[in-house]
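Working notes, structure below.
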Amino acid sequence: MANVGLQFVASAGDGDPQSRPVLLLGQLQNLHRVPWSHLRGKLQPRVTEEIWQTALGTLNPNPTDSCPLYLNYATVAALPSRVSRHNSPSAAQFITRLVRNCLPGGTNRCILMVCERSEVFASACALARAFPLFTHRSSASRRTEKTVTVEFFLVGQNNGPVEVTTLKCLTSATEGVRLAARIVDTPCNEMNTDNFLEEIKKVGKDLGIVPTIIRDEELKQRGFGGIYGVGKAAVHPPALAVLSHMPEGATQTIAWVGKGIVYDTGGLSIKGKTTMPGMKRDCGGAAAVLGAFRAAVRQGFKDNLHAVFCLAENSVGPNATRPDDIHLLYSGKTVEINNTDAEGRLVLADGVSYACKDLGADIILDMATLTGAQGIATGKYHAAVLTNSEEWEAACVKAGRNCGDLVHPLVYCPELHFSEFTSAVADMKNSVADRDNSPSSCAGLFIASHIGFDWPGVWVHLDIASPVHAGERATGYGVALLLSLFGGASEDPLLNMVSPLGEDADPQGDMERDCKRRRLV
């Protein structure tokens with residue numbers, strides 16, 4: 001699927017399934033609402049109305065089902081008819097699975113996605129996850145370029161045609177999802193810190209932004225002891241990189257801070273042979289921030305937005321950080337290292353401190369593949385959110401349902417948990433004393449402590465360790481979530497619609513209340 005181009009169109013037009021294979025996808029009750037007059041041109045002469053109605057009658061989704069309409073050239077697939085309150089109404093995970101399993105082969109294919117307008121964004125991002133870009137299979141270079149054309153048929157309220165602006169937004173968002181997944185899928189012998197910086201520079205060039213880059217010995221000189229300490233043993237030096245979008249009329253400053261550990265051996269607290277494979281994915285937070293930043297700026301972002309990338313390779317070598325070493329972080333606090341495999345929180349502590357002190361951020365969100373315990377706490381599909389704001393906790397959960405990147409809260413209780421990091425010789429240790437005491441919450445609290453638990457701004461931590469991949473493939477998780485969560489600050493109508501914040505703003509007195517509306521709280 002690496003050579004597949006994804007196109008979103010208002011109308012895919014007519015085509016014989018034998019020359020343009022087609023997948024029709026949606027909830028069964030919605031598929032029944034598609035008139036035959038809309039399907040005729042995509043299915044005839046191979047599929048008659050009688051065959052179509054018969055196929056719908058055989059579908060019994062539990063939770064999904066599919067039925068071939070004509071050999072392997074035309075298929076109809078049904079999503080779950082209902083989902084639980086902790087799932088997305090779009091059933092996004094099932095969309096990705098059905099497309100992977102049911103989309104017919106061919107160089108020019110069509111997907112007709114049947115859903116409500118509120119589910120378009122999540123459905124498009126789910127479709128994108130089915131078409132990863134990275135591959136090094138030797139046969140890939142011999143394959144011809146393929147195209148998948150996606151048309152939405154809207155049912156329910158507000159079921160008119162899909163606007164051009166919506167199609168543009170879907171293109172930007174899905175390109176961001178696939179960019180993030182490609183970076184995460186790429187192994188460290190290619191996606192080292194040097195090449196990750198090149199990816200950042202490419203996005204900057206595309207947007208007309210020159211990144212700020214601090215790396216290697218300059219990190220040490222300027223006090224970034226967390227990033228420098230983690231990455232100093234690697235051949236490719238660590239870096240802090242920042243992309244900044246600062247439009248006129250901005251009323252707030254937002255910083256997205258991404259963990260970009262391009263490979264995590266565990267350092268001297270080294271991982272075993274079964275736990276180290278897959279650690280190329282430890283840059284998933286930074287990859288998602290990059291993909292989301294590009295899409296957000298392209299679609300028009302009304303406030304100051306900074307993407308902060310904390311890049312390092314946690315390697316083993318003569319210069320590697322040792323357990324018992326003490327590092328001075330950018331916050332001014334000292335950290336005694338008792339586990340070199342708890343490195344993500346060290347680089348993020350520097351990143352959020354920089355966002356607070358140098359960028360003057362009102363809202364700081366860090367995104368990271370931080371703890372294996374996240375998968376135990378909230379599972380494979382839901383990221384874990386930890387935040388100092390009850391409203392933003394609820395907003396993250398709602399944004400996840402709106403966009404398909406699911407989220408569930410962790411316990412936020414620093415007065416009970418932060419004592420896990422007590423050190424006799426430094427301000428704190430970097431790993432907990434008791435690994436049975438909410439370790440994912442504690443890991444997030446370590447990051448928050450470097451801006452202070454009494455910091456008046458909004459701090460959000462998203463641990464995406466498990467949902468960043470499905471099996472051996474990256475999902476591009478986090479791109480859709482950031483676009484939805486901050487959709488209220490976008491000029492794009494679709495992102496406004498999927499945003500969980502700012503929906504109930506009073507339309508009266510816009511001039512006086514614009515600041516509070518745009519602050520999304």
Please list, one pair per line, the donor and acceptor atoms closer than 3.5 Å that link side chains of residues 281-298 to other protein atoms, with sequence neighbours excluded.
residue, atom, partner, partner atom, Å
Asp282, OD1, Lys259, NZ, 2.9
Asp282, OD1, Thr369, OG1, 2.6
Asp282, OD2, Lys259, NZ, 3.2
Arg294, NH2, Glu175, O, 3.4
Arg298, NE, Asp206, OD2, 3.3
Arg298, NH1, Glu175, OE1, 2.7
Arg298, NH2, Asp206, OD2, 2.9

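With Gln7 as the partner, the side chain to side chain contact (heavy atoms under 4.5 Å, CB included) test is satisfied by one option alone out of Val150, Thr174, Thr149: Thr149. For the side chain to side chain contact (heavy atoms under 4.5 Å, CB included) test with Leu243, the passing option among Val308, Ile209, Val210, Leu305 is Ile209; the others fail.
A side-chain N or O of Ser90 and one of Ser88 form a donor-acceptor pair less than 3.5 Å apart. Under 3.5 Å, the side chains of Ser244 and His306 contain a donor-acceptor pair of N or O atoms. Gln252 and Asp303 are linked by a side-chain donor-acceptor pair at a separation below 3.5 angstrom, with hydrogens and angles left out of the test. For Ser484 and Asn402, the side-chain atoms include no donor-acceptor pair closer than 3.5 Å. Judged by distance alone, the side chains of Ser269 and Asp341 never bring a donor and an acceptor atom under 3.5 Å apart. Looking only at atom types and distance, the side chain of Tyr412 has no donor-acceptor partner in the side chain of Glu393 under 3.5 Å away.
With sequence neighbours excluded, no residue satisfies side-chain hydrogen bond (donor to acceptor under 3.5 Å, both in side chains) with Thr186. For Thr165, the side-chain contact (heavy atoms from CB on, under 4.5 Å) test picks out Glu163, with sequence neighbours left out. By the salt bridge (charged side-chain N to carboxylate O under 4.0 Å, His left out) test, Glu116 is found to be paired with no residue, residues two or more places apart in sequence or in another chain being considered. For Phe134, the ring-ring contact (aromatic ring centres under 6.0 Å, His included) test picks out His136, with sequence neighbours left out. With sequence neighbours left out, Glu190 forms a salt bridge (charged side-chain N to carboxylate O under 4.0 Å, His left out) with no residue at all. Not a single salt bridge (charged side-chain N to carboxylate O under 4.0 Å, His left out) links Asp492 to another residue, sequence neighbours left out. Evaluation of the side-chain contact (heavy atoms from CB on, under 4.5 Å) rule for Asp194 yields Asn192, Arg215, His236, Pro237 as partners, not counting sequence neighbours. With sequence neighbours excluded, no residue satisfies salt bridge (charged side-chain N to carboxylate O under 4.0 Å, His left out) with Asp350. Ala349 is linked by a side-chain contact (heavy atoms from CB on, under 4.5 Å) to Leu329, Phe446, His450, counting only residues two or more places apart in sequence or in another chain. Residues forming a ring-ring contact (aromatic ring centres under 6.0 Å, His included) with His408 (at least two apart in sequence, or on another chain): His86. In this structure, the side-chain contact (heavy atoms from CB on, under 4.5 Å) partners of Cys396, at least two apart in sequence or on a different chain, are Val385, Val407, Val460, Leu485.
The main-chain N or O of Ala77 is never found under 3.5 Å from a side-chain atom of Ser66 such that the two would form a donor-acceptor pair. A donor-acceptor pair under 3.5 Å links the side-chain atoms of Asn388 to the main chain of Trp459, judged by distance alone. Side-chain atoms of Asn314 do not come within 3.5 Å of backbone N or O of Asp264 as any donor-acceptor pair. Between the side chain of Asp366 and the main chain of Leu348, no donor-acceptor pair closer than 3.5 Å is present.
Nearest heavy atoms, Leu386 versus Ser441: CD2-O, 3.4 Å. The two residues Thr321 and His327 have their closest heavy-atom pair at OG1-NE2, 3.0 Å. Considering all non-hydrogen atoms of both residues, Tyr381 and Arg97 come closest at OH-NH2, 3.1 Å. The shortest non-hydrogen separation linking Gly400 to Leu481 is N-CD1, 3.9 Å. Here the closest non-hydrogen pair linking Ala241 and Leu197 is CB-CD2, 3.7 Å. Asp185 approaches Pro132 most closely through the heavy-atom pair OD2-CB, 4.3 Å.
Ring pair Phe301/Phe486 is tilted by interplanar angle, where 30° to 60° counts as tilted.
Within the 4.5 Å cutoff, the side chain of Pro80 has heavy atoms near those of the Thr64 side chain. The closest side-chain heavy-atom distance from Ile213 to Lys201 is below 4.5 Å. For the pair Tyr263 and Ser315, the minimum side-chain heavy-atom distance is 4.5 Å or more. For the pair Ile363 and Trp392, the minimum side-chain heavy-atom distance is below 4.5 Å. Looking at heavy atoms from C-beta onward, Gln27 lies out of side-chain contact with Val114 at the 4.5 angstrom threshold. Val230 has its side chain out of reach of Pro238: every pair of non-hydrogen atoms, C-beta onward, lies at least 4.5 Å apart. Using a 4.5 Å heavy-atom threshold, the side chains of Ile183 and Glu199 count as touching. Considering only heavy atoms from C-beta on, Cys310 comes within 4.5 Å of Val257 through its side chain.
Atom CZ of Arg473 is separated from atom OG1 of Thr135 by 6.0 Å, given to the nearest 0.5 angstrom. In this structure, OG1 on Thr166 lies 5.0 Å from CG on Leu494, to the nearest 0.5 angstrom.
The 12-atom threshold is exceeded at CD of Glu217, counting heavy atoms of other residues, nucleotides or ligands nearer than 6.0 Å. Around atom NZ of Lys380, no more than 12 heavy atoms belonging to other residues, nucleotides or ligands sit under 6.0 Å away. Lys220 NZ: 12 or fewer foreign heavy atoms inside a 6.0 Å radius.
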* To do: Given side chain to side chain contact (heavy atoms under 4.5 Å, CB included), test Leu370 with Ser440 step by step and report yes or no.
  => CA-CA 8 Å; Leu370 201 66; Ser440 293; over 6 Å; no
